[in-house]
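Presented below is the structure to which this report refers.
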Amino acid sequence: MSARKDNPRSADTAGLDFVRTIVAEDNAKGTYGGRVATRFPPEPNGFLHVGHATAICLSFGIAQENNGTTNLRFDDTNPTTEDTSYVDAIQKDVRWLGFEWNNGVLYASDYFDRLYEMAVQLVQDGNAYVDSCSEDEIREMRGTVTTPGVPSVYRDRSVEDNLDLLERMKAGEFEDGAHVLRAKIDLAHPNMKMRDPLLYRIRHAHHYRTGDDWCIYPMYDFAHPLSDAIENITHSLCTLEFENNRAVYDWLIDNVDVGEARPRQYEFARLNLDYTVMSKRKLLRMVEEGHVDGWDDPRMPTISGMRRRGITPESIRLFCDLIGIAKADSRVDIGKLEYVIREDLNQKAPRVMCVLDPLKVVITNYPEGESEELEAPLYPHDIPKEGSRAVPFGRQLYIERSDFAEDPPKRFFRLAPGREVRLRYAYFITCDEVIKDDAGEIVELRCTYDPDTRGGSAPDGRKVKGTIHWVSATDSVAVEVRLYDRLFKVANPDDAAATSGTDFTGFLNPQSRVTIAEARLEPAVADAEPGCHFQFERLGYFFTDPVDSTAGAPVFNRVVTLRDTWAKIAPAKEKLATGQAARTDEPSAGDAPAEQRRRIKRSKSEARDGIRATNPELAQRYERYRDELGLSTEEADVLTGDMSVAGLFEDALAVHDDAKAVANWAVNELSRHFDGGKADGLQFGGAELGALVALVASATISRKTGKDVLAIMVSEGGDPGAIVVERGLEQVTDAAAIEPVVEQVIAANPGKAEEYRAGRTGLAGFFVGQVMRQTGGTADPELIQKLVREKLG
RNA sequence: UGGGACGUCGUCCAAUAGGCAGGACACACGGCUCUGGACCGUGGAAUCGGGGUUCGAGUCCCUGCGUCCCAGCCA
């Protein structure tokens, strides 16, 4: 009925991201016969980071959802930076994230022979040539973004010469840089990537896999699309900065014999995360300059760093789902990462108690030399897991220094002189006396406990506002705890560096790691294995460091703090105690002398102005349309940018002599379908457009139907009158026919009707839309609106 | 600047080919609680600006502004 059915978007794509939408449409259309083959193509010259995780989740995820395949292909075309250790690390990271690739591990370097043959073919077809200019000359002659490049004197070498030279390049007859192989495309192309891109360069270097077999290596622009084709990839997903490279990608697929393969490249926005940096180059510097301990430093946004910190693969995948995928540059709030980590670990991590900054407490009414064991559950009531451990209690305890205040601020529920609090899973205690040293520093609290509150509740029903964690002074063990915090003290280190003209390393957070040498841990988990998660109650989630923990001496990494609503209320000062840096405000970028650069980019209108300046016929029509036909300057402008458009317009006028109406349709509805500003690619002519406008003008069809009919004309051609008759699209203007539909829609949506009557008149659009839908767009919307108002008014 | 892309709550992502601007995080308030956790409830909060087309525009047309990418023999 409507054009919808003929629409390529026949798949249900609601809510899908744009890549999944494309894949669903391809499946619906049968572009690849329902096959989905993606690939993840890291270069083995560094470690994977969270940004890669989003790419991995996307490419592997889409394949999984569509019963497709994903290849892991190392893009190892640059022998000077790549190394086998990275190959191993990357595989480990991908697997750890929970993905398994198809077809074994693949390498671009495995295709070197075939790629070379393809290069030979390009040369034979006259599509590539050997350029013997120096690197500087090539750069010089490439031009700039505003000026075209110029061909090198070698551009027109004969096929024979090129073949000979290429062969000798391969044979190792030349020094590095003596020659390069370039695609022969267009030195004046507005897209810099298309100015005869380099295909091969000479590099007498040892490749970690092919050894010294080759001394010429393919460039990314050449190797990537053709590797995709060799593997018969369908959807090749990469980040936005490769948008310009897509032209080269498509050019190669078109100009090299790749059989049936028709891989297509799609680009999505790369991830930026607050308080960290994400470029491999910068991460490498962090490692090499010793700002962190290595690629797997728990502060690094690398997969290995996150793994060592204790972030689970489930959280990372959840994170990727949470932030989604789109084409807009974005910067994700670090809070989202913290959220997914808590979400996951809340369910998994057993609870134990650890005191990071111990303050001694003596229970004066507890018998000297005695102790007892209390049973404490490992999980809270709302986590469906069983288990408990024994916690020793005695006369001497430690509590968190920040859980005591001599002079408590408002809403401080913890311990203070004369106040009673609950020791988690144990007894109520009351603080009687504060002991200080000569310097006035609090060194000990003397408290009394209420023996009747064993287990944490009072038989007399009295309540305490605060519960604090604690450990036995005599039975707890000293452990090393590392408190990790954001790596940088500003949200956007790159931006801060740029606006201040300094290096990004100047914004490192000196508190990103605070090591506590002797925290006090309850004995039950004193010999925790490496690689285990715990929640230290009231503090956060911790993970036994898999590298530095030794048997019987675990080292704990703080993965993330607990959400802390008290921290928001409390004065920001004492946060150092928990290593949580106060959120530093960013240096305002507004002070920078913002360069007011005038933009002289030509608008479409200006382009058409230029065309009319050299085409008197169009210029004359512009005047005539505006002055004699009474069109607005905007309409006259759009219609006179090309003869095919002006011709179409006038042909339409010959059928339906209402310039204003025809212009309206041509400009607002049809112009978007003009190909390159020309109307001659259309499957119909001006006469059909005129006929369509006439149908609408005579109220034979509604304007909405008119648009549907136009859509059909655009996709299949045809005569509007015939389309209307064929599909029964005549407009219904009879109130008696529409009224029952209106009533039915109102009856079907009593709640909405109520809201409308209550004043939410914006719902009129909803009711009109519903009726339009029910009538297949044939009802007169103005009439519907009138009826809706009457019925609900 | 030539070309390519992108602008929706503070943040990230939606809105079925024009028809109720929605979700999550964050935030605020309240409830519950032996973790100031978790959980539950409530609330504020956005279509970059200006014109136009339409009964109706985030979505279509014109225009202005802003941001990102490209001038490696890196990927």
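Per chain, numbering begins at 1; letters A, B, ... match sequence-line order. Small disclaimer: the values here were computed from a predicted structure and weren't measured.
- In this structure, A:Ile383 atom CD1 and B:C39 atom C1' are separated by 10 Å, rounded to whole Å.
- Contact check, A:Arg538 against B:G36: a side-chain N or O comes under 4.0 Å of OP1 or OP2.
- Taking atom C1' on both nucleotides, B:A26 is separated from B:C9 by 11 Å, rounded to a whole Å.
- Taking atom CG on A:Asp12 and atom P on B:U16, their separation rounds to 11 Å, with Å as the unit.
- Judged by distance alone, the side chains of A:Gln535 and A:Glu537 never bring a donor and an acceptor atom under 3.5 Å apart.
- Shown here are the salt bridge (charged side-chain N to carboxylate O under 4.0 Å, His left out) partners of A:Asp136, two or more places apart in sequence or in another chain: A:Arg139.
- The distance between atom CD1 of A:Ile399 and atom P of B:G36, rounded to the nearest whole Å, is 13 Å.
- For the residue pair A:Arg454 and A:Tyr427, a side-chain donor N or O sits within less than 3.5 Å of a side-chain acceptor on the partner.
- Considering only the side chain of A:Arg773, B:U16 comes nearest among B:U16, B:C68, B:A14.
- As rounded to whole Å, 14 Å separates atom C1' of B:U16 from atom CZ of A:Phe766.
- For A:Phe222 and A:Tyr200, the distance between ring centers is under 6.0 angstrom.
- In this view, A:Leu763 and A:Lys752, A:Glu755, A:Tyr756, A:Arg760, A:Phe766, A:Phe767 satisfy the side-chain contact (heavy atoms from CB on, under 4.5 Å) rule, not counting sequence neighbours.
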Would you give a per-nucleotide map of nucleotides 70-75 of chain B, 5' to 3', where B means the base has a protein non-hydrogen atom under 4.0 Å away, S means only the sugar-phosphate does, and - means neither? BBSBSB
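- For A:Arg331 and B:U11, a side-chain-to-base donor-acceptor distance below 3.5 Å is absent, hydrogens and geometry of angles not being considered.
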As a check on the pairing definition, encode RNA chain B in dot-bracket form, counting Watson-Crick and G-U wobble pairs whose two distances are under 3.5 Å, and using | for partners outside this strand. .((((((..((((.....[..)))).(((((.......)))))....(((((..]....))))))))))).....
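- The aromatic ring centroids of A:Phe74 and A:Tyr107 lie less than 6.0 Å from each other.
- With sequence neighbours excluded, the residues forming a side-chain contact (heavy atoms from CB on, under 4.5 Å) with A:Thr733 are A:Gln731, A:Asp780, listed by chain and number.
- Remark: P of B:A38 and CD of A:Glu338 are 12 Å apart, rounded to the nearest angstrom.
- Note: OH (A:Tyr379) to C1' (B:G37) measures 16 Å, nearest angstrom.
- Within the 4.0 angstrom heavy-atom criterion, base atoms lie near A:Lys704.
- Every residue two or more places apart in sequence or in another chain was checked for a salt bridge (charged side-chain N to carboxylate O under 4.0 Å, His left out) with A:Asp221, and none qualifies.
- The distance from atom CD of A:Glu782 to atom P of B:C55 is 5 Å, rounded to the nearest whole Å.
- Straight-line distance between the C1' atoms of B:C48 and B:G66: roughly 7 Å, to the nearest whole Å.
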Which nucleotides of nucleotides 46-52 of chain B have their base under 4.0 Å from a protein heavy atom (B), which only their sugar-phosphate (S), and which neither (-), written as one string 5' to 3'? -----BB
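- Look at B:G44: its glycosidic torsion is beyond 90° from 0, and that puts it in the anti range.
- Considering only residues two or more places apart in sequence or on other chains, A:Asp637 meets the side-chain contact (heavy atoms from CB on, under 4.5 Å) condition with A:Ser605, A:Arg608, A:Arg612, A:Tyr622.
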Nucleotide N/O of nucleotides 23-27 of chain B paired with protein N/O under 3.5 Å:
from  : atom 1 : to       : atom 2 : distance (Å)
B:C25 : OP1    : A:Tyr339 : OH     : 3.2
B:C27 : OP1    : A:Lys568 : NZ     : 3.0

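- Residues passing the salt bridge (charged side-chain N to carboxylate O under 4.0 Å, His left out) test with A:Asp344, sequence neighbours excluded: A:Lys348.
- The nearest whole Å value for the distance from the CG atom in A:Leu337 to the C1' atom in B:C13 is 16 Å.
- Side-chain N/O atoms of A:Asn78 and A:Tyr220 include no donor and acceptor closer than 3.5 Å.
- Distance check on atom C1': B:C13 versus B:A21 gives 14 Å, rounded to whole Å.
- Evaluation of the side-chain contact (heavy atoms from CB on, under 4.5 Å) rule for A:Ser132 yields A:Val130, A:Tyr154, A:Arg157, A:His179 as partners, not counting sequence neighbours.
- No hydrogens or angles were tested; on distance alone, nothing pairs the side chain of A:Lys465 with the base of B:G36 as donor and acceptor under 3.5 Å.
- For the P atoms, the distance from B:C61 to B:A5 is 15 Å, rounded to whole Å.
- With sequence neighbours excluded, no residue satisfies salt bridge (charged side-chain N to carboxylate O under 4.0 Å, His left out) with A:Arg422.
- A salt bridge links A:Glu241 to A:Arg270: one of the charged nitrogens lies within less than 4.0 Å of a carboxylate oxygen.
- Across B:G19 and B:C60, the matching P atoms stand 11 Å from one another, rounded to whole Å.
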